[in-house]
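As a basis for the values below, the full set of heavy atoms in this structure was taken, side chains included, without hydrogen atoms, waters or symmetry mates. Fair warning: this is a prediction, and the values are worked out from it, not measured in the lab.
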Amino acid sequence: MIDTDELDDKFGIEGEVGFAELEEDLVFIMVSNKHADAEICLYGAHVTSFKPRGNMDLLWMSPESSFEEGKPIRGGIPVCFPWFGPHKTDSDKPQHGFARLMYWDVVSTSTNSSAETVIKLQLKSSEETKAYWPHDFVAEMTFVVGKKLTVTLKVTNTSAEPFNYTCALHTYYGLSAIENISIEGLQGVTYYNQLTGENGVQEEEKLEITEALTHHYLNTETPVIIDDSAFRRRIKVDKTGSKVTTVWNPGAEACANIGDLPDDGYETFVCVEATNAFDYPISIAPGESFATSAIIGIDDTPIF
Ligand code: TA6
């Protein structure tokens, strides 16, 4: 049982960082500073809300999400680690790894010189993680809550042998409606189309989503923009330490079959993910670390 009073005593920052039990007794870190408000659940090290000041939430949460141990939270920023998608050899192991199904420890909370809030959480290998994956590791999630939200997954190999992992920061963005958006920044990039099993090239400058789509854009490290004409909002999704950008929307049919999504859920979110998978797993030697970040904010560059 996690004691929120103890966490408040140790890690609370007056008027800026507090701990609360929300939903079905999961503990959340509530962050509020001059730049933004954010909520981060210790279960899964999962951001469920990010509101830059004066803006609506950039993230989408399913109104039917579980908040229950053993099940992933649907929406926000699920952390997929140490594998992305189904496990390669054992279909009994959880899709997208175990990181989103475990409680993470709080390491530190602080305020940086730009008045941004910095939160660090950690997940270390244990008997529980070794039931899924044999390696010793330390995974650290750092959240910098400012005008932008920077989310970093840093993995350190603490075992005696090198290991590989795949991962994603599987962010759900809120939309006015899927037909009102286009995604810029992927033109000319080759993608693996998971729904057909074939590769294609993004021909159009603006990707519009008119049906179910699961594209993994390969060998790309550039930012993308989600342009929402009805919200008059452009979200900039930047990243580092990620070679694949995944764009996912389930479309009507698959959405209706996903228990923790409302039937019409697909109309108001799109996932744009900072991924390392397929031909781009991460390989780290003993004692080494690798970091993957997603940097999310409103793009206020004027459009001419
Ligand atoms: O990143 C895309 C994807 O792997 C899709 O194939 C889709 O299944 C989605 O993630 C959601 O996965 P989840 O396990 O959270 O239902």
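Taking 4.5 Å as the limit, every side-chain heavy atom of S289 sits out of range of all side-chain heavy atoms of N157. Between L175 and N180 the shortest side-chain heavy-atom distance does not fall below 4.5 Å. Here the side chains of T111 and N33 are not in contact, with every heavy-atom distance at 4.5 Å or above. Considering only heavy atoms from C-beta on, I119 comes within 4.5 Å of I29 through its side chain. Between F290 and Y165 there is a side-chain heavy-atom pair separated by less than 4.5 Å. Between V31 and D37, the closest side-chain pair of non-hydrogen atoms is not below 4.5 Å. Taking 4.5 Å as the limit, some side-chain heavy atom of E221 sits within range of a side-chain heavy atom of K243. Side-chain contact check for L26 versus Y103: some heavy-atom pair is nearer than 4.5 Å.
Aromatic ring centres of H170 and Y172 lie closer together than 6.0 Å. The aromatic ring centroids of F269 and Y173 lie 6.0 Å or more from each other. In this structure, F84 has its ring center closer than 6.0 angstrom to the ring center of H96. A centroid separation of less than 6.0 Å is found between the aromatic rings of H135 and F163. Not less than 6.0 angstrom separates the ring centroid of F28 from the ring centroid of F19.
The environment of F11 atom CZ is dense: over 12 non-hydrogen atoms of other residues, nucleotides or ligands sit within 6.0 angstrom. Residue E253 places its CD atom among 12 or fewer non-hydrogen atoms of other residues, nucleotides or ligands, all under 6.0 Å distant.
M102 and V107 fall into different hydrophobic clusters, where Ile, Leu, Val, Met, Phe, Trp and Tyr residues are linked whenever their side-chain heavy atoms come under 4.5 Å apart, directly or through other members. V272 and I225 fall into different hydrophobic clusters, where Ile, Leu, Val, Met, Phe, Trp and Tyr residues are linked whenever their side-chain heavy atoms come under 4.5 Å apart, directly or through other members. When hydrophobic clusters are built by joining Ile, Leu, Val, Met, Phe, Trp and Tyr residues whose side-chain heavy atoms come closer than 4.5 Å, directly or via intermediates, V17 is grouped together with L7. By the criterion of side-chain heavy atoms lying less than 4.5 angstrom apart, applied directly or through intervening Ile, Leu, Val, Met, Phe, Trp or Tyr residues, I13 is not grouped with V118; the two fall into different hydrophobic clusters. The hydrophobic clustering, which links ILVMFWY residues whose side-chain heavy atoms are closer than 4.5 Å, places L207 and V244 apart.
When every heavy atom of K51 is checked against every heavy atom of N55, the shortest pair comes out as CB-O, 3.9 Å. In plain terms, the two heavy atoms of L153 and A139 that are nearest each other are CD1-CB, 4.2 Å. In terms of heavy atoms, V79 sits closest to A45 at CG2-O, 3.7 Å. Nearest heavy atoms, M61 versus G75: SD-C, 3.6 Å. When all heavy atoms are compared, the tightest approach of F137 to T158 is N-OG1, 3.1 Å. Here the closest heavy-atom approach between residue P82 and residue F98 is recorded as CD-CE2, 3.3 Å.
For the residue pair T222 / T220, a side-chain donor-acceptor distance below 3.5 Å is found, with atom types taken as modelled. T117 and E16 form a side-chain donor-acceptor contact under 3.5 Å, judged by distance and modelled atom types alone. S62 and D260 share no side-chain donor-acceptor pair at under 3.5 Å. For the 3.5 Å distance criterion, the side chains of T275 and T246 qualify, holding a donor opposite an acceptor. In this structure, a donor-acceptor pair under 3.5 Å is present between the side chains of S293 and T152. For the residue pair H216/Q194, the side-chain donor-acceptor check at 3.5 Å is satisfied. Neither side chain, T166 nor N276, offers a donor N or O lying under 3.5 Å from an acceptor on the other. With 3.5 Å as the limit, one finds no donor-acceptor pair spanning the side chains of K120 and S108. No side-chain N or O of T190 forms a donor-acceptor pair with one of N199 less than 3.5 Å apart.
Put simply, CG on L213 and CG on N193 are 7.0 Å apart, with the number rounded to the nearest 0.5 Å. A distance of 10.5 Å separates CG of L195 from CH2 of W248, quoted to the nearest 0.5 Å. Separation of atoms OG1 (T156) and CD (E288) is listed at 10.0 Å; rounding is to 0.5 Å. In this structure, N249 CG and I209 CD1 are separated by 5.5 Å, a value rounded to the nearest 0.5 Å. Note that OG of S66 and CD1 of I73 are 9.0 Å apart. Values are rounded to the nearest 0.5 Å. From E128, atom CD reaches atom CG of L123 across 8.5 Å, with rounding to the nearest 0.5 Å.
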Check step by step if side-chain contact (heavy atoms from CB on, under 4.5 Å) holds for H35 and E116.
CA-CA 7 Å; H35 306 290; E116 297 169 320; 4.0 Å; yes

Just do the side-chain contact (heavy atoms from CB on, under 4.5 Å) check on V201 and V189 with the steps written out, would you?
CA-CA 6 Å; V201 174; V189 180; over 6 Å; no

Please report the C-alpha distance between I296 and D238 in whole Å, then the side-chain angles of each, then the deciding distance to 0.1 Å, and finally whether the side-chain contact (heavy atoms from CB on, under 4.5 Å) criterion is met.
CA-CA 6 Å; I296 297 159; D238 210 343; over 6 Å; no

Using the side-chain contact (heavy atoms from CB on, under 4.5 Å) rule, take M30 and L22 through it: C-alpha gap first, then chi angles, then the decisive distance, then the call.
CA-CA 10 Å; M30 317 298 286; L22 301 178; 3.9 Å; yes

Given the rule in the side-chain hydrogen bond (donor to acceptor under 3.5 Å, both in side chains) test, do T4 and E21 qualify, once you have shown the distances and angles that lead to the verdict?
CA-CA 7 Å; T4 49; E21 262 180 37; 5.0 Å; no

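Using cut-offs of 30° and 60° for the angle between ring planes, the W133 and F81 rings count as perpendicular.
Considering Y191, Y217, W83, Y192 in turn, Y192 is the only one that fulfils the ring pair (Phe, Tyr, Trp, His ring centres under 6.0 Å) rule with F278.
For the pair R53 (side chain) and A36 (backbone), a donor-acceptor distance under 3.5 Å is present. Formation of a donor-acceptor pair under 3.5 Å by the D57 side chain with backbone atoms of F50 is found in this model. Between the side chain of T292 and the backbone N or O of G241 there is at least one donor-acceptor pair closer than 3.5 Å. Panel note: side chain W104, backbone A99; a donor-acceptor pair is recorded below 3.5 Å. Judged purely by atom type and a 3.5 angstrom limit, Q187 uses its side chain to pair as donor or acceptor with the backbone of E203.
Salt-bridge formation is detected for the pair K147/D300: a Lys NZ or Arg NE/NH1/NH2 atom is positioned less than 4.0 Å from an Asp or Glu carboxylate oxygen. Between E68 and K71, at least one side-chain nitrogen of the basic residue sits less than 4.0 Å from a carboxylate oxygen of the acidic one, meeting the salt-bridge criterion. A salt bridge links D227 to R234: one of the charged nitrogens lies within less than 4.0 Å of a carboxylate oxygen. Between D136 and K130 there is a salt bridge, with a side-chain nitrogen of the basic residue lying less than 4.0 Å from a carboxylate oxygen of the acidic one.
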